[in-house]
Protein chains: 2
Amino acid sequence: MTKIQEVAAALGVSVATVSRAMSGKPGVSDAVRARVRLLADELNYLPSRSASALATGRTLTIGVVTPYIARWYFGHLISAIESSFTAAGYDLLLYNVSSENARSRFFQTLPVRKRVDALVVLLLPDDNEAAALRTLGIPVATVGSQQEGFISVGIDDVRTAEVAVQHLINLGHRRIAMIGEGFGVVPLQFVAPVDRQIGYYNALRAADIDVNPELEQNGEFTMQGGEEAMNRLLAARERPTAVFAQSDEMAIGALRSIRRHGLSVPGDISIIGIDDHEMSGMVGLTTMAQSLPAMGSSLAQAILEHLENPAAEVSPHTELPTRLVVRETTGSVRTFATGSLQEDS
Amino acid sequence: MTKIQEVAAALGVSVATVSRAMSGKPGVSDAVRARVRLLADELNYLPSRSASALATGRTLTIGVVTPYIARWYFGHLISAIESSFTAAGYDLLLYNVSSENARSRFFQTLPVRKRVDALVVLLLPDDNEAAALRTLGIPVATVGSQQEGFISVGIDDVRTAEVAVQHLINLGHRRIAMIGEGFGVVPLQFVAPVDRQIGYYNALRAADIDVNPELEQNGEFTMQGGEEAMNRLLAARERPTAVFAQSDEMAIGALRSIRRHGLSVPGDISIIGIDDHEMSGMVGLTTMAQSLPAMGSSLAQAILEHLENPAAEVSPHTELPTRLVVRETTGSVRTFATGSLQEDS
DNA sequence: TTCATTTACGCAAACGCTTACGTTGCAGAT
DNA sequence: ATCTGCAACGTAAGCGTTTGCGTAAATGAA
């Protein structure tokens, strides 16, 4: 491993000059800089990250804390974040805190201290965890939730859900189920389910439709969960004519349940999701599309700006658009539908 | 950020003692060690990774180079690798080289130099890339391919494919299609497709079935690709009675194609995949299960052993088992099948 | 008791960079 | 001709650890 001294010696200049030449700092003539750079990769010299981190205090590394890697949403998000940061010369340190155990250990020991220049948090920190993060003294960014002192990006979950449900209402549906997560039972892990639930209520209220708790089922944000949730909905006394699923994966699971029951989509039941999962195009799922690449790069940009200019106040929250993608799983409510529907319309 | 000096001063001992006490090295009495440790997390002192990396030359970091993060196989693998390494006190540095551009840049500059203690490579390096990796002077591990000088783990792709195809043959099928990738067209990215193809040929040959190039379709290892591949197979003059898909995702895509054509599974066509994807349970796909968690932890163990004891010769390759999981997508060939089949049987 | 050995600890030199400050040389102003 | 200013470069002091070596005290053997 060649070090800075060797390239300096080989060129008859000081190590300071080499350092300046490599890092693009002023104080070196163009001629010398060129010769240094040339010789550097001839000797394949690369400054030691540890040494320069020690000298400067900057690690050129970004930490990412995530509850999942293998799930669609997180995988795509991490992927997008990674590409933005590597493009800017930063490396990505990945912390997967899947278990409750790993999570509490992470926040207690905070292994990212002195290791990263900024931290991206893909889970929803509670108050204690947020406080711990603030002690880091580095920019912290969250996705999908806004917290005092943190950079954040996300979509407008309330509005997105409203538009989705409104789309169903526009098609004449009034008996609209929701497949989501939590519903007051599970300890709050993400805000999205709550906000999307609110959006669902908003849309119903605006159309003078009564909320019916029977129509809200927990799909655990997985295909499997979505299928089971739909099974429960279909087993109920009065079936919905439309379903708003808080994620495409749950929607696809629901789709499967519906077809297994011998019902047709959208003939018997309409269904809409959120995400625009790759699979959604395949199965023709109507959905509210969000762009994870955009979210990742926007997050990275905000952090990078903050790192370049810590003084400047960056806008703390960026909201990304979602858009309705109408495919084949939503259609007008049947006019010859069941009794309860005819009463409504 | 408190440093080692401060805790040393606060305790009236030397920094050397604190260092030894923290790292568990001998030369410190138990009493002092305990007091140091106590005070350390009272002042929440954490040794600077940069500084200790500079001093020791070890970074306590593992690099992972992957072509994808968001895909099922890679996501699960990375997840497993991460958990094994964090358990051992190592951090994970993630390099996503999705584009050809990023890939060549990665191997030219080798940004992992002096940054990681070992490297996990999830893509198949060509000879030049392998040579570059060898210059790193650190343990390098690959998944799914064996190369001179690298640690590796993987399944027996040939055998796995053989068992899968044999399963179809045992059910009486003789017109067996394969959905895979490459087939000599695409530049070789992974060895799995090639080995699985060989296994497919082996099984056919053992049963005296002629190979028919028309029955080999490229599914690009995606659901979408699998669906399109199946579409092509169904458009052919003579349809297969069974399909061996080299991955579950392609199998599920194929399943979708078959059903869209109004055919039944396994009534008209049987289908088997490889992976045991979560979705496979849902859709009842027969498959060859492999365990990515096992693969990840086995890989991590091999690397960790090598790091602890660089002299000792670790077994370079670990092969993990796969097993046939019979579900509902494979069944006996119809006796009242098409002409060509009756000739065969 | 004396000497040899071990144990517990401190000193200080690395580790490979960055950067404040000092020095030199040269162009331009006077 | 002298002076000022600036660009280009060198010197050396850190950055926060680890660890070889030295030393003092404690232990054991004789």
Side-chain angles (χ1 to χ4, degrees), chain A residues 1-37 39-41 43-61 89 91 111-117 137-138 307, chain B residues 1-37 39-40 43-61 89 91 111-117 137-138:
Chain A
M1 290 293 117
T2 93
K3 48 174 75 170
I4 197 173
Q5 323 243 21
E6 306 177 20
V7 20
L11 221 55
V13 299
S14 73
V15 293
T17 299
V18 176
S19 172
R20 283 190 271 253
M22 293 297 294
S23 61
K25 290 240 167 59
V28 192
S29 70
D30 291 350
V32 172
R33 189 186 303 274
R35 285 169 54 212
V36 169
R37 292 238 168 115
L39 185 67
D41 64 47
L43 304 179
N44 77 70
Y45 162 74
L46 192 75
S48 151
R49 276 302 235 288
S50 315
S52 74
L54 184 56
T56 62
R58 310 191 320 131
T59 61
L60 291 183
T61 304
D91 285 340
V112 290
R113 299 183 269 171
K114 312 183 192 174
R115 282 231 66 182
V116 299
D117 293 342
I138 55 174
L307 284 175
Chain B
M1 291 294 118
T2 94
K3 47 174 75 172
I4 198 175
Q5 325 244 20
E6 304 177 21
V7 20
L11 221 55
V13 299
S14 72
V15 293
T17 299
V18 176
S19 171
R20 285 190 270 255
M22 292 297 295
S23 60
K25 290 242 166 57
V28 191
S29 69
D30 291 350
V32 172
R33 188 186 302 275
R35 285 169 53 213
V36 169
R37 292 239 169 114
L39 186 67
L43 303 179
N44 78 72
Y45 162 74
L46 192 75
S48 152
R49 278 302 237 287
S50 315
S52 73
L54 184 57
T56 62
R58 309 191 321 130
T59 62
L60 291 185
T61 304
D91 286 340
V112 290
R113 297 183 271 171
K114 311 183 193 175
R115 282 231 67 184
V116 299
D117 293 342
I138 54 174

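Since we're looking at a predicted model, the values are computed, not measured. First the proteins, then the strands, lettered A, B, ... as listed; each starts at 1.
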| field | Side-chain N or O of B:S50 closer than 4.0 Å to phosphate OP1/OP2 of D:dC15 | value | no
| request: Output the single nucleotide from D:dT17, D:dT19, D:dA12 whose closest atom is nearest the side chain of A:A16. | output: D:dA12
| said: Please pick, from C:dC17, D:dT11, C:dT19, the nucleotide with the shortest atom-to-atom distance to any side-chain atom of A:K3. | reply: C:dC17
| remark: Between CZ of A:R33 and P of D:dA8 the distance, given in whole Å, is 9 Å
| message | Both B:V13 and B:A55 contact DNA chain C. Taking the nearest nucleotide for each, which residue is further toward the 5' end? | response | B:V13
| message | Ignoring hydrogens, what is the shortest heavy-atom contact between A:M1 and A:E6? Give both atom names and the distance. | response | O-OE2, 4.1 Å
| request: Remember a base hit wins even if backbone is also touched, and classify B:T56 as base, sugar-phosphate or nothing at under 4.0 Å, heavy atoms. | output: sugar-phosphate
| Has B:S48 got a side-chain N or O lying under 4.0 Å from the OP1 or OP2 atom of D:dG16? | no
| field | Integer-rounded Å distance: D:dC15 P and B:I4 CD1 | value | 14 Å
| Please give, in whole Å, the distance from C:dG10 C1' to B:L11 CG? | 14 Å
| remark: A:V15 has its side chain closest, among C:dT18, D:dC9, D:dT19, to C:dT18
| request: Would you tell me if any nitrogen or oxygen in the side chain of B:K114 comes within less than 4.0 Å of OP1 or OP2 on C:dG16? | output: no
| remark: note: B:K25, atom NZ; C:dA8, atom P; distance rounded to Å ~ 16 Å
| said: I need the single residue from A:V116, A:D117, A:L307 that forms a side-chain contact (heavy atoms from CB on, under 4.5 Å) with A:I138. Which is it? | reply: A:V116
| field | Approximate separation, where rounding is to 0.5 Å, of B:T56 OG1 and B:R49 CZ | value | 10.0 Å
| Hey, are the side chains of B:R115 and A:L60 touching, using non-hydrogen atoms and a 4.5 Å cut-off? | no
| request: Assign each of B:L54 and A:T17 to its nearest nucleotide of DNA chain C by heavy atoms, then name whichever residue's nucleotide is nearer the 5' end. | output: B:L54
| query | Out of C:dC11, D:dT18, C:dA8, which nucleotide sits closest to the side chain of B:R20? | reply | C:dC11
| remark: Note: A:Y45 and A:K3 closest approach over all heavy atoms is CE1-C, 3.6 Å
| message | Whether the side chain of B:R49 and the base of D:dG16 hold a donor-acceptor pair under 3.5 Å is what I'd like checked. | response | no
| request: Look at B:S52 and D:dT17 and indicate whether a side-chain polar atom (N or O) is within less than 4.0 Å of OP1 or OP2. | output: no
| query | To the nearest Å, how far apart are A:R58 CZ and D:dG14 P? | reply | 22 Å
| What integer distance in Å separates A:M22:CE from D:dC9:P? | 16 Å
| message | Can you measure A:Q5 atom CD to C:dA14 atom C1' for me and round it to whole angstrom units? | response | 11 Å
| Interatomic distance, B:D30 CG vs C:dC9 C1' [rounded to whole Å] | 14 Å
